[in-house]
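Step one of this worksheet: look at the structure below.
Remember, it's a predicted structure, so these values are computed and weren't measured experimentally.
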Amino acid sequence: MGRPRAFDEGEAVRAAVALFGGRAYDGVSVDDLVNHLGVHRNSLYKTFGSKRGLYLAALRRHLADDVRPLAVALAAAPDVATALRLTTEADLGLLLLAAVERAPADEEVAAEVASALGDLDQAVVDALGVPAELAAGITAAALGLLLRGDADRAGAALAERLDPLR
């Protein structure tokens, strides 16, 4: 009989979300994970199988804990300005990094990212009653504002232009 697990798997995955969301997959080594999560290398491999296994668990946790609740909030947004504000205030670092770094090279990550972006797009459709193509554009613009780090000024200008399109 093996020894009992000496770490909390949920806490380790939450810590991995922060680590991967701040430095991306390629920016995090197994040594970084072992040191940051306080998990022994053997335990990491036994529990998650690989660095990629932990990354997928972290990505799924991020989508469940951060992105899907954002979609629920977006679905209730009364206007474009609120939708943009909700998106630019959300912690979406891991989603953005996964979209640009891992999704092009990993089909499983690509599917998770596409599903999450689809949920955000649909929430915008539901809230604003706009066509799906416009909702995808609003989602893309909001994520772009988040990436730029200049959400207030640019977001207000964008919301002002988009609101009459409803």
Side-chain angles (χ1 to χ4, degrees), residues 10-33 35-37 44 48 50-77 79-128 130-162:
E11 287 180 29
V13 171
R14 278 188 288 282
V17 168
L19 193 59
F20 286 124
R23 297 189 1 215
Y25 182 84
D26 287 338
V28 177
S29 69
V30 173
D31 285 339
D32 292 331
L33 291 168
N35 292 329
H36 186 78
L37 293 131
L44 186 143
F48 302 105
S50 64
K51 173 183 164 183
R52 181 180 178 275
L54 175 55
Y55 177 82
L56 288 170
L59 177 61
R60 289 179 180 126
R61 172 65 58 89
H62 173 61
L63 298 178
D65 291 355
D66 300 314
V67 179
R68 300 257 156 39
L70 171 61
V72 170
L74 281 175
D79 53 41
V80 174
T82 302
L84 291 173
R85 182 184 52 75
L86 287 168
T87 303
T88 58
E89 289 177 355
D91 178 9
L92 300 177
L94 183 50
L95 173 64
L96 293 171
L97 287 170
V100 298
E101 182 194 30
R102 298 302 307 154
D106 187 320
E107 289 181 16
E108 199 168 355
V109 172
E112 295 286 353
V113 168
S115 176
L117 293 176
D119 289 348
L120 295 176
D121 293 344
Q122 186 59 51
V124 172
V125 168
D126 294 345
L128 304 178
V130 297
E133 297 80 15
L134 181 56
I138 292 169
T139 301
L143 294 173
L145 290 170
L146 182 59
L147 275 172
R148 285 187 67 163
D150 185 19
D152 291 337
R153 185 174 49 85
L158 182 61
E160 185 177 313
R161 298 278 183 169
L162 288 177

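Note that the CG atom of L146 and the CG atom of L84 stand 11.0 Å from one another [nearest 0.5 Å]. Going from atom CG of L54 over to atom CG of L19 covers 9.0 Å, rounded to the nearest 0.5 Å. Between the CZ atom in R102 and the CG atom in D26 there is a gap of 6.0 Å [rounded to 0.5 Å]. Taking CG of L120 as the reference point, atom CG of L143 lies at 6.5 Å (rounded to 0.5 Å). The distance from atom CG of L59 to atom CD of E112, rounded to the nearest 0.5 Å, is 6.0 Å. Distance check: R23 CZ to L97 CG gives 12.0 Å after rounding to the nearest 0.5 Å.
Side-chain contact between L128 and I138 is present, with at least one heavy-atom pair separated by less than 4.5 Å. Side-chain contact check for D65 versus V17: every heavy-atom pair is 4.5 Å or farther apart. Looking only at side-chain heavy atoms (C-beta outward), T87 and T139 stay at 4.5 Å or farther from each other. In this structure, F20 and E101 have side chains that are not in contact, with every pair of non-hydrogen atoms separated by 4.5 Å or more. Side-chain atoms of V124 and L134, non-hydrogen and from C-beta on, never get closer than 4.5 Å to each other.
The minimum heavy-atom distance between A73 and L86, with the atom names listed, is O-CD1, 3.7 Å. Across all their heavy atoms, V125 and A135 have their closest contact at CG2-CB, 3.4 Å. Pairing each heavy atom of A98 with each of P104, the nearest pair is O-CD, 4.5 Å. Nearest heavy atoms, A71 versus A123: O-CB, 3.1 Å. In plain terms, the two heavy atoms of A127 and A76 that are nearest each other are CB-N, 4.3 Å. Here the shortest heavy-atom pairing between D121 and A136 reads OD1-CA, 3.5 Å.
In this model, a donor atom of one side chain and an acceptor atom of the other lie less than 3.5 Å apart for R68 and S115.
At distances below 3.5 Å, at least one donor-acceptor pair connects side-chain atoms of K51 with backbone N or O atoms of V28.
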Full working for side chain to side chain contact (heavy atoms under 4.5 Å, CB included) between L70 and L92: CA-CA 10 Å; L70 171 61; L92 300 177; 3.8 Å; yes
Please test D126 against Q122 for side chain to side chain contact (heavy atoms under 4.5 Å, CB included), starting from the C-alpha separation and ending with a verdict. CA-CA 6 Å; D126 294 345; Q122 186 59 51; 2.8 Å; yes
Go through H36 and D32 one step at a time and tell me if the side chain to side chain donor-acceptor pair (under 3.5 Å) criterion holds. CA-CA 6 Å; H36 186 78; D32 292 331; over 6 Å; no
Side chain to side chain donor-acceptor pair (under 3.5 Å) between R148 and T88, intermediate numbers included: CA-CA 10 Å; R148 285 187 67 163; T88 58; over 6 Å; no
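Under the 30°/60° scheme for interplanar angles, the aromatic rings of Y55 and Y25 are found to stand perpendicular.
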